[in-house]
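Down below is the structure, laid out as structure tokens.
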Amino acid sequence: MPNLKDSTVLVRLGITSWPGKRHDPKIDEQVRIANSAHGDIGRFNKVLLAPQRLKEIAAVVNAFRSIHYHLTAPWLDEGLRILPAKLYTEHQTEERKFRQDFENKVAAFIADYPQLKADAKIAMNGLFNEADYPDIAAVAARFTWSVRYYPVAEAGDDWRLDLDDEHMTELREEARRLEAIALAQTTRSAAEKLSEAVAHMAERLSDPKAKFHGTLLTNLTDVLDVLPALNVANDPTLTALADEARAKLTGHTTEKLKTDTTARSETA
């Protein structure tokens, strides 16, 4: 079993935002009546404010989530992910940058909230309902950003429990079993990153008429750059696959793949 305690940390990401939408059952009923419909035919969600400002905040969140998932792999529960120590500095640097952008955009949105609400009152006309809009403090409280790092404890590492030897043995065995499951999950996640990048590249290059951008190649090289660190189980098959992908698929520039049909078909 690899020494995870010294080579990895666990990280939990938690980000929330105010959605800026509200379900209106009265409008649901009006639509049913107007169309002589019966039963549950859908839900009408009012967009409470011009959506652009909230979309800008969401774009920051989505961009960091992509980086977070790129640099980490799942670890047992869905919220906790494992981060190789080699990628810790990059993760922390990106987190600070995007958190600052998030906080700046949220602060600007909160400052403009009264005016955005006033504009919505005019735009929505009869659909406007004052009760749909929380006060400014409540809206601000809905925006949160949390990234927490935790050490990885090896199975049964330094346990001091008032239990007999038999029960302690059972606990340690269960901890080792869960650790093995988590390692397999982490390896599988890293392999899937590679598989998706290679499959996308194969799909685009196999079609002679398909257009593609430089990201087709950089998406693969980005995965290959982090894969050695994400291979925390030191799986030799994954290492071999990554080496093969780099050797066979990254030898040509994007421009050559666009203009040289032979290079393109061979790479595909």
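It should be emphasised that the depicted structure is a prediction, and the values quoted were computed from it without experimental measurement.
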| message | Testing the basics here: between Ala229 and Lys86, what is the closest heavy-atom pair and its distance to 0.1 Å? | response | CB-CB, 4.3 Å
| Pairwise side-chain contact, Met124 with Lys46, heavy-atom cut-off 4.5 Å (strictly under) | yes
| field | Nearest heavy atoms of Val223 and Ala197, plus distance in Å | value | CG2-CB, 4.3 Å
| task | Decide yes or no for Leu217 and Thr253: does some side-chain heavy atom of the first lie under 4.5 Å from some side-chain heavy atom of the second? | result | no
| query | When clusters are formed by joining ILVMFWY residues with side-chain heavy atoms under 4.5 Å apart, either directly or through shared neighbours, do Val11 and Val61 land in the same one? | reply | yes
| From Glu90 CD over to His70 NE2, what is the distance, rounded to the nearest 0.5 angstrom? | 7.0 Å
| said: Less than 4.5 Å apart, side chain to side chain, heavy atoms only: is that true for Thr186 and Trp75? | reply: yes
| said: Regarding Glu130 and Lys117, does a basic nitrogen lie under 4.0 Å from an acidic carboxylate oxygen? | reply: yes
| request: Answer whether the closest heavy-atom distance between the side chains of Phe128 and Leu48 falls below 4.5 Å. | output: no
| field | Pairwise side-chain contact, Val232 with Pro84, heavy-atom cut-off 4.5 Å (strictly under) | value | yes
| message | Is the ring pair Trp145/Phe64 parallel, tilted or perpendicular, if the boundaries are 30 and 60 degrees? | response | tilted
| Out of curiosity, does Phe109 fall in the hydrophobic cluster containing Ile136 (side-chain heavy atoms, cut-off under 4.5 Å, transitive links)? | yes
| Cluster overlap Leu227 with Leu87, hydrophobic side-chain contacts below 4.5 Å | no
| So, Lys97 and Glu94, do they make that salt bridge, N to O below 4.0 Å? | yes
| Euclidean distance, Leu116 CG relative to Tyr133 OH, rounded to 0.5 Å | 10.0 Å
| query | Taking the side chain from Asp112 and the backbone from Gln115, do they hold a donor-acceptor pair closer than 3.5 Å? | reply | no
| note | Between Ala131 and Arg22, the two heavy atoms sitting closest are O-NH1, 3.6 Å
| Minimal non-hydrogen separation, Leu238 against Ala190, with atom names | CD2-CB, 3.8 Å
| note | Residues at least two apart in sequence or cross-chain that pass salt bridge (Lys or Arg N to Asp or Glu O under 4.0 Å) with Lys256, listed by chain then number, are Asp260
| query | Are side-chain heavy atoms of Leu71 and Ile67 found at a separation under 4.5 Å? | reply | yes
| task | Could you go through the side chain to side chain contact (heavy atoms under 4.5 Å, CB included) check for Asn104 and Gln100 one step at a time? | result | CA-CA 6 Å; Asn104 290 343; Gln100 187 62 62; 3.0 Å; yes
| If only atom types and distance count, is the side chain of Arg53 paired as donor or acceptor with the main-chain N or O of Ala108 below 3.5 Å? | yes
| query | Between Ala263 and Leu257, which heavy-atom pair has the shortest distance, and what is it? | reply | O-CD2, 3.9 Å
| message | Tell me every residue that passes ring-ring contact (aromatic ring centres under 6.0 Å, His included) with Tyr149, counting only those two or more places apart in sequence or in another chain. | response | Tyr88, His91
| said: Set out, in order, the CA-CA distance, both residues' side-chain angles and the distance that settles side chain to side chain donor-acceptor pair (under 3.5 Å) for Thr187 and Asn231, then state yes or no. | reply: CA-CA 6 Å; Thr187 302; Asn231 187 11; 4.6 Å; no
| request: Please name all residues satisfying side chain to side chain contact (heavy atoms under 4.5 Å, CB included) with Leu224, sequence neighbours left out, ordered by chain then number. | output: Leu194, Leu220, Ala242, Ala245, Arg246, Thr250
| query | Minimum heavy-atom separation for Leu49 to Val47, with atom names? | reply | O-CG1, 3.2 Å
| request: Please check if Phe102 and Val139 belong to a single hydrophobic cluster, counting links between Ile, Leu, Val, Met, Phe, Trp and Tyr side chain heavy atoms closer than 4.5 Å. | output: yes
| Between Gln185 and Leu76, is there a donor-acceptor pair closer than 3.5 Å when you use the side chain of the first and the backbone of the second? | yes
| message | Using side-chain heavy atoms (C-beta onward) and a distance below 4.5 Å, is Arg99 in contact with Val147? | response | no
| query | Are any non-hydrogen side-chain atoms of Leu249 and Val198 less than 4.5 angstrom apart? | reply | yes
